[in-house]
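The next block holds one structure in the form of structure tokens; read it before the comments.
Just the heavy atoms: all of them, side chains too, but no hydrogens, waters or symmetry mates, feed the values below.
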Amino acid sequence: MTLYINACVRKNSSTDELARFVLAQGFDDIQEVNLQSERIMPLDQKKLSLRDERLKSGDFSDEIFSYARQFAQADKIVISAPYWDLLFPASLRAYFERVCVVGLTFAYTESGEPKSLCKAKRLVYVTTAGGFVGQRHLGFEYIKAVASQFFGISDIQMLLAEGLDIEGADPRSILERAKRDYAGPK
């Protein structure tokens with residue numbers, strides 16, 4: 001199963017267009033989580049208490065773990081997230097709060113190192129930017145760190161189309177160039 005995590009906010013999103021192109025290149029059995037429709041809120045005291053209570057009992061059947069269960073079962077993951085304020089939309093961060101669950105998506109070894117409990121070995125992070133990101137894309141760096149350190153994902157790729165909002169830019173040709181540059185699923 002391919003899990004498509006869609007953090008795009010705008011209708012006719014260039015980021016979503018680019019991600020759907022990626023998905024059409026050999027990904028199958030796609031399950032989409034549209035973060036705008038889901039309206040996932042950050043964990044608060046009440047939800048953290050509920051989660052902690054369920055974790056102690058080893059009961060992962062509660063709805064609070066539904067995203068983590070789905071994430072753990074994915075074979076491949078595609079994330080679409082526009083570049084916002086050096087990162088990505090807050091809904092994606094709230095999603096990862098729900099996905100990072102000790103005993104479900106990762107565990108700690110005796111030495112305190114995280115060990116993956118997830119199936120996925122490939123993740124494609126699709127993003128677009130109105131300007132130019134430069135050498136450090138903090139959104140991708142965050143995703144890459146979480147995916148590799150907690151979830152054991154070794155094949156992590158970013159597909160970036162940038163400069164879309166620069167005066168005189170041709171957004172359509174920038175997107176088409178990004179599509180041509182995409183290496184495809186492995």
Exercise. Is Glu176 paired with Arg172 through a side-chain N to carboxylate O contact shorter than 4.0 Å?
Worked result: yes
Problem set entry | Side-chain heavy atoms of Val33 within contact of Asn6, under 4.5 Å | no
Seminar exercise, completed: Rounded to the nearest 0.5 Å, the CD1 atom of Ile64 sits from the CZ atom of Arg69 at a distance of 11.0 Å
Problem set entry | Minimal non-hydrogen separation, Asn34 against Gln36, with atom names | OD1-N, 3.0 Å
For this session: For side chain to side chain contact (heavy atoms under 4.5 Å, CB included), just list the numbers for Leu123 and Gln157, CA-CA rounded to whole Å, side-chain angles, deciding distance to a tenth of an Å, and then say yes or no.
Result: CA-CA 6 Å; Leu123 183 146; Gln157 176 185 5; over 6 Å; no
Exercise. Parallel, tilted or perpendicular for Phe151 and Phe71, by the 30°/60° rule?
Worked result: tilted
For this session: Check whether any side-chain heavy atom of Phe65 lies under 4.5 Å from a side-chain heavy atom of Val101, and answer yes or no.
Result: yes
Problem set entry | Closest heavy-atom pair and its distance - Leu138, Leu86 | CB-O, 3.0 Å
Exercise. Quick one: does Leu160's side chain get under 4.5 Å of Tyr83's, heavy atoms only?
Worked result: no
For this session: Work out which heavy atom in Ala169 is nearest to a heavy atom in Ile174; give both atom names and the distance.
Result: CB-CD1, 4.1 Å
For this session: Determine, using the 4.5 Å side-chain heavy-atom cutoff (strictly less than), whether Val124 and Leu23 are members of one ILVMFWY cluster.
Result: yes
Exercise. Which is it for Lys56 and Asp52 under the salt bridge (charged side-chain N to carboxylate O under 4.0 Å, His left out) test, yes or no, and what are the steps along the way?
Worked result: CA-CA 6 Å; Lys56 283 180 186 174; Asp52 290 347; over 6 Å; no
Exercise. Is the closest side-chain heavy-atom distance between Ser148 and Ile156 below 4.5 Å?
Worked result: yes
For this session: Specify the closest pair of heavy atoms between Leu35 and Ala7, including all atoms of both residues, with the distance to one decimal.
Result: CD1-CB, 3.8 Å
Exercise. Taking all non-hydrogen atoms of both residues, which atom of Leu3 and which atom of Ala74 are closest, and how far apart?
Worked result: CB-CB, 3.7 Å
Exercise. Under 4.5 Å between any side-chain heavy atoms of Cys118 and Ile153, yes or no?
Worked result: no
Exercise. Taking atom types as modelled and ignoring hydrogens, do the side chains of Asp59 and Ser57 form a donor-acceptor contact shorter than 3.5 angstrom?
Worked result: no
For this session: For side chain to side chain contact (heavy atoms under 4.5 Å, CB included), just list the numbers for Leu175 and Thr128, CA-CA rounded to whole Å, side-chain angles, deciding distance to a tenth of an Å, and then say yes or no.
Result: CA-CA 9 Å; Leu175 288 172; Thr128 59; 4.3 Å; yes
Problem set entry | Residues Arg98, Glu38: salt bridge by 4.0 Å N-O rule | no
For this session: Give a yes or no on whether the backbone of Phe21 and the side-chain of Gln25 come within a donor-acceptor separation of less than 3.5 Å.
Result: yes
Problem set entry | Under-4.0 Å salt bridge between Asp181 and Arg177 | no
For this session: Establish whether Tyr4 and Met1 are linked, either directly or via other cluster members, by ILVMFWY side-chain heavy-atom contacts under 4.5 Å.
Result: no
Exercise. Say you draw a straight line from CD1 of Ile77 to OG1 of Thr2; how long is it, rounded to the nearest 0.5 Å?
Worked result: 9.5 Å
For this session: State, without any angle test, whether Gln45 and Ser49 hold a side-chain donor-acceptor pair at a distance under 3.5 Å.
Result: yes
Problem set entry | From CA spacing to verdict: side chain to side chain contact (heavy atoms under 4.5 Å, CB included), Val22, Leu159 | CA-CA 9 Å; Val22 167; Leu159 179 57; 3.5 Å; yes
For this session: Evaluate the criterion ring-ring contact (aromatic ring centres under 6.0 Å, His included) for residue pair Tyr142 and Phe88; output intermediate values, then yes/no.
Result: CA-CA 10 Å; Tyr142 171 84; Phe88 42 66; 5.7 Å; yes
Problem set entry | Ionic contact status for Lys144 with Glu141, cut-off 4.0 Å | no
Exercise. Any chance CG of Asn12 has more than 12 other-residue heavy atoms, nucleotides or ligands included, within less than 6.0 Å?
Worked result: no
Exercise. How many angstroms lie between CG in Leu117 and CD in Gln73, if you round to the nearest 0.5 Å?
Worked result: 10.5 Å
Exercise. Is there a side chain to side chain contact (heavy atoms under 4.5 Å, CB included) between Asp62 and Leu50 once you walk through the steps?
Worked result: CA-CA 9 Å; Asp62 194 277; Leu50 170 67; 4.0 Å; yes
Exercise. For Thr105 and Val99, which heavy atoms make the closest approach, and how far apart are they?
Worked result: OG1-O, 2.7 Å
Problem set entry | Approximate separation, where rounding is to 0.5 Å, of Glu63 CD and Ser66 OG | 4.0 Å
Problem set entry | Any Leu43 side-chain heavy atom under 4.5 Å of Arg51 side chain | yes
Problem set entry | Separation between CZ of Phe150 and SG of Cys100, rounded to the nearest 0.5 Å | 6.0 Å
Exercise. Are Thr15 and Ser80 linked by a side-chain donor-acceptor pair shorter than 3.5 Å?
Worked result: no
For this session: Would you mind reporting whether Phe27 and Arg122 have side-chain heavy atoms less than 4.5 Å apart?
Result: yes
Exercise. Any side-chain heavy atom of Leu18 sitting closer than 4.5 Å to one from Val126?
Worked result: yes
Problem set entry | Interatomic distance, Gln70 atom CD to Gln31 atom CD [nearest 0.5 angstrom] | 5.0 Å
Exercise. Can Phe60 be reached from Tyr67 by stepping across I, L, V, M, F, W or Y side chains whose heavy atoms are under 4.5 Å apart?
Worked result: no
For this session: Run the salt-bridge test on Asp155 and Lys121 with the 4.0 Å N-O cut-off and return the result as yes or no.
Result: no
Exercise. Between Leu87 and Ile79, is there a shared hydrophobic cluster once you connect ILVMFWY residues whose side-chain heavy atoms come closer than 4.5 Å?
Worked result: yes
Exercise. Are Met41 and Tyr95 in one and the same hydrophobic cluster, where Ile, Leu, Val, Met, Phe, Trp and Tyr link if side-chain heavy atoms are under 4.5 Å apart?
Worked result: no
For this session: Establish, yes or no, whether the cationic atom of Lys115 lies under 6.0 Å from the six-membered ring centre of Phe106 and within 45° of the ring axis.
Result: no
